[in-house]
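For reference, the structure discussed in these notes is given below.
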Amino acid sequence: MNVPSRGQLRGQSATEEVHRLLREDILNGRFTSGEVLEQDKIGRLLGVSATPIREALRRLQEEGLVVAPPQRRARVVGFDPAQVEALYAERICIEAMGAALTARVVTDESLMAMRDAFQRMQSASTGAGGPDAAWHAAHFDFHMLATDSLGQAMQSRVAINFDRSRHYVQMQRPEALDGWRAPNRWHGAILAAFEARDPDAAGAAMASDLANAAVALIGYMTPDHEPTLITSVVERFHQAT
């Protein structure tokens with residue numbers, strides 16, 4: 001766990017910093033799936049009281065990264081294929097709609113930013129060991145730009161779901177993660193649809209990107225689980241466009 005110097009964590013800033021540090025360690029795989037987050041140990045490491053730790057854990061629970069049943073210790077969320085499928089189904093509904101809306105009004109400046117994010121993803125998609133921080137940052141920027149027309153409230157949901165997806169992706173073994181570093185043709189298809197300012201193609205490409213990511217992830221982690229919800233959501237999206 002990244003530990004700041006003592007004295008840096010006080011008051012409201014303590015809660016925010018504990019939340020940031022725990023969230024970062026979960027997303028980077030320093031805390032493993034299902035691992036108990038021991039408040040006493042965290043408090044000793046960070047030099048803070050129980051109050052900011054409890055508030056940070058509450059926020060992480062709201063973001064879907066931690067589970068904390070009543071009278072039980074908080075744990076890092078484990079892999080549940082039904083929950084993962086529901087997460088990606090929600091992402092398809094929100095982000096495909098967002099891409100279609102944004103493609104209608106995309107500016108030249110936003111297109112340049114999307115091209116830059118896509119190039120950064122490709123540049124980070126070399127080597128072994130799975131997606132690194134640079135890839136995740138570029139990937140996040142690309143999706144936020146592609147859904148910019150959703151507005152702040154809905155984009156906050158996009159960001160939370162994005163981090164939940166990243167957490168699940170990090171649960172895969174390194175050899176499976178190598179595939180996530182390869183240039184993604186679906187992101188290229190999304191970008192091409194935006195360059196053509198084609199809302200239907202942009203929404204369809206975003207839906208396909210997320211559906212393929214979900215099927216690959218669920219197929220690797222739980223091969224016996226059939227992602228019928230993903231299939232149904234994608235089919236209904238294509239019927240509606």
### Task
Take the angle between the ring planes of H139 and W135 and call it parallel below 30°, perpendicular above 60°, tilted in between.
tilted
What are the two closest non-hydrogen atoms of [X] and [Y], and how far apart are they?
X    : Y    : answer
A117 : A138 : O-CB, 3.6 Å
A103 : A202 : CB-CB, 3.7 Å
R75  : G34  : NH1-O, 2.9 Å
V234 : A207 : CG2-O, 4.3 Å
I42  : L22  : CD1-CD2, 3.8 Å

Could you see if [X] belongs to whatever hydrophobic cluster contains [Y]? Use Ile, Leu, Val, Met, Phe, Trp, Tyr and a side-chain cutoff under 4.5 Å.
X    : Y    : value
M144 : F142 : no
V66  : V48  : yes
V158 : L217 : no
F140 : V169 : no
F237 : I230 : no

### Message
What I'd like to find out is whether the side chain of D141 reaches to under 4.5 Å of the side chain of R120, using heavy atoms alone.
### Response
yes
### Message
Can you confirm whether more than 12 heavy atoms, excluding those of R236, are under 6.0 Å from its CZ atom?
### Response
no
### Message
Please determine whether the number of non-hydrogen atoms from other residues, nucleotides or ligands lying under 6.0 Å from atom CD of E62 exceeds 12.
### Response
yes
From [X] [atom1] over to [Y] [atom2], what is the distance, rounded to the nearest 0.5 angstrom?
X    : Y    : atom1 : atom2 : result
R20  : D25  : CZ    : CG    : 9.5 Å
D209 : H187 : CG    : NE2   : 4.0 Å
R91  : R164 : CZ    : CZ    : 10.5 Å
Y88  : C93  : OH    : SG    : 14.5 Å

Polar side-chain atom of [X] near backbone of [Y] as donor-acceptor pair, under 3.5 Å:
X    : Y    : result
T147 : E95  : no
E85  : T228 : yes
N212 : S208 : yes

#### Entry: Under 3.5 Å side-chain donor-acceptor pair for H167 and E63
no
### V106 vs E195, side-chain contact (heavy atoms from CB on, under 4.5 Å): CA-CA, chis, key distance, verdict
CA-CA 9 Å; V106 66; E195 299 214 348; over 6 Å; no
### Message
Checking E55 against R58 for the salt bridge (charged side-chain N to carboxylate O under 4.0 Å, His left out) test, could you report, in this order, the C-alpha distance in whole Å, the side-chain angles of both residues, the deciding distance, and whether it holds?
### Response
CA-CA 5 Å; E55 176 61 20; R58 183 191 65 79; 2.4 Å; yes
### Message
With side-chain contact (heavy atoms from CB on, under 4.5 Å) as the criterion, how do M114 and D148 come out once you've worked through the C-alpha distance, each side chain's angles and the decisive distance to 0.1 Å?
### Response
CA-CA 11 Å; M114 287 185 71; D148 183 63; over 6 Å; no
### Message
Checking F194 against L145 for the side-chain contact (heavy atoms from CB on, under 4.5 Å) test, could you report, in this order, the C-alpha distance in whole Å, the side-chain angles of both residues, the deciding distance, and whether it holds?
### Response
CA-CA 11 Å; F194 269 81; L145 287 163; over 6 Å; no
